[in-house]
Amino acid sequence: MSLTFSDRLISRLTNAQSVVAFTGAGVSAESGVPTFRGSDGIWKKFKPEELANFEAFMKNPELVWEWYSARKKIIANIEPNRGHHTLVRMEQMFPRFAVITQNIDNLHRRAGSTNVFELHGNIERNYCTKCGTPYTNEEVLTQAGVPRCLKCNGLIRPDVVWFGEMLPEDEWEQSVRAAESADVFLSIGTSAIVYPAASIPLMAKHQGAYLVEINPEPTPLTDQADEFLMGASGAILPELYARLVAERQLQQLP
Ligand code: APR
């Protein structure tokens, strides 16, 4: 049975010049990437304080690398899902469209999204903690044990944002700019509790964006949302896109 969408949502999207999709782990759940706080979530099994912060890394780099190497290999063998692919089509539908993601899995880019801002880094990139030299996964996963920099022998780390670390400045600024100029802001598959990323949807709402949340469960953001679409993003996004295409044909819009 096809989903129904409110006339207000369809008219807001049909007339939108600028649309933003803000994504979290939920958008990759249907690809097989575990979320962080779901019933089988990563943080239910592992301690973030032992694995996702710099002090823990410097104290026990073997343990942290073992964990990230496993995640890199899992993610390398996973494919984007219908949710990711629909956001690629939406990028072609709207004059301005951006994906702001908290995900480090690179699945938006692998699906074909081009205007992507990565707030928490990307698991396919690495760099030397001493001299900053960048390394690809191919270069680090071929080294036995904890990979070391070929230039300065420093420890190499994944280019992801760990707890207590600053977000990448450029990605943050571009995300704030996109959020503040959005006509419609879609918050998709995030529990909306990890700051400062979780402040981005509120900035958009504050600037007048029509705030839509897509999630199988309500979150602390739901009360602020103009619409809550309850369900999986891999099911809702393709239907929403199809409805928009039908509306454009109806209105004979390009
Ligand atoms: N479609 C849409 N949403 C889904 C789906 C799905 N198929 N499956 C689960 N969800 C929702 C869950 O209900 C939950 O609200 O996705 C959300 C995932 O929340 P988290 O696991 O907390 O992930 P996220 O919000 O991305 O976490 C934010 O926390 O651990 C850090 O740096 C990490 O980027 C991460 C940040």
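Counting starts at 1 for both ligands and their atoms, in listed order. Counting begins at 1 with the first residue of the sequence.
- In T35, the parts holding a heavy atom less than 4.0 Å from any atom of ligand 1 are both the side chain and the backbone.
- Under a cutoff of 6.0 Å and an axis angle of 45°, R248 and F94 form a cation-pi pair.
- The pair D105-R71 fails the salt-bridge criterion, with no side-chain N (NZ, NE, NH1 or NH2) lying under 4.0 Å from an Asp/Glu carboxylate O.
- For a threshold of 3.5 Å applied to N or O pairs, the pair formed by E30 and ligand 1 contains at least one separation below that value.
- Residues R243 and E239 are not paired through a salt bridge, judged by the lack of any N-O separation under 4.0 Å between the basic side chain and the carboxylate.
- In terms of protein heavy-atom proximity, atom 32 (O) of ligand 1 is nearest to H120 ND1, 3.4 Å.
- For atom 36 (C) of ligand 1, the closest heavy atom belonging to the protein is V194 CG2, 3.8 Å.
- Not a single N or O atom of V27, backbone or side chain, sits closer than 3.5 Å to an N or O atom of ligand 1.
- By the neighbour-count criterion of 12 heavy atoms within 6.0 Å, atom CD of Q207 is densely surrounded, having more than that number from other residues, nucleotides or ligands.
- Close N/O approach between T190 and ligand 1 is found [any backbone or side-chain N/O within under 3.5 Å].
- Protein heavy atom nearest atom 5 (C) of ligand 1, with residue, atom name and distance: G26 O, 3.4 Å.
- Protein heavy atom at the shortest distance from atom 35 (C) of ligand 1 is F36 CE1, 3.6 Å.
- Contacts between Q102 and ligand 1, counted as non-hydrogen atom pairs separated by less than 4.0 Å, involve both the backbone and the side chain.
- When each atom of ligand 1 is checked for a heavy atom of G24 under 4.0 Å away, the hits are 26 (O).
- Under a cut-off of 6.0 angstrom, the local environment of CG in D7 is sparse, with at most 12 non-hydrogen atoms contributed by other residues, nucleotides or ligands.
- Note: the hydrophobic cluster containing L107 does not contain F117 (ILVMFWY, side chain heavy atoms under 4.5 Å, direct or indirect links).
- The heavy-atom pair separating A235 from P238 by the smallest distance is O-CD, 3.5 Å.
- Side-chain contact of Q251 with T14: a donor-acceptor pair under 3.5 Å is absent, judged by distance alone.
- Contacts between A29 and ligand 1, counted as non-hydrogen atom pairs separated by less than 4.0 Å, involve the side chain only.
- Using a 4.0 angstrom heavy-atom cutoff, G234 does not count as in contact with ligand 1.
- Residue E217 approaches ligand 1 through these ligand atoms, each under 4.0 Å from one of its heavy atoms: 13 (O).
- At a cut-off of 3.5 Å, with distance as the only test, a side-chain donor of N122 or N106 sits close to an acceptor on the other residue.
- Here F22 has no heavy atoms under 4.0 Å from ligand 1, in either its backbone or its side chain.
- Among all protein heavy atoms, the one lying closest to atom 4 (C) of ligand 1 is P216 CD, 3.3 Å.
- The pair R109-E118 meets the salt-bridge criterion, since a charged nitrogen lies less than 4.0 angstrom from a carboxylate oxygen.
- Atoms of ligand 1 lying under 4.0 Å from any heavy atom of A232, numbered from 1 in the order shown and given with element: 1 (N), 6 (C), 7 (N).
- The shortest N or O to N or O distance between G189 and ligand 1 is under 3.5 Å.
- Atom 27 (O) of ligand 1 has as its closest protein heavy atom R37 NH1, 3.1 Å.
- Counted within 6.0 Å of CD on E169, heavy atoms from surrounding residues, nucleotides or ligands total 12 or fewer; the atom is thus considered open.
- The protein heavy atom nearest to atom 13 (O) of ligand 1 is N215 OD1, 2.7 Å.
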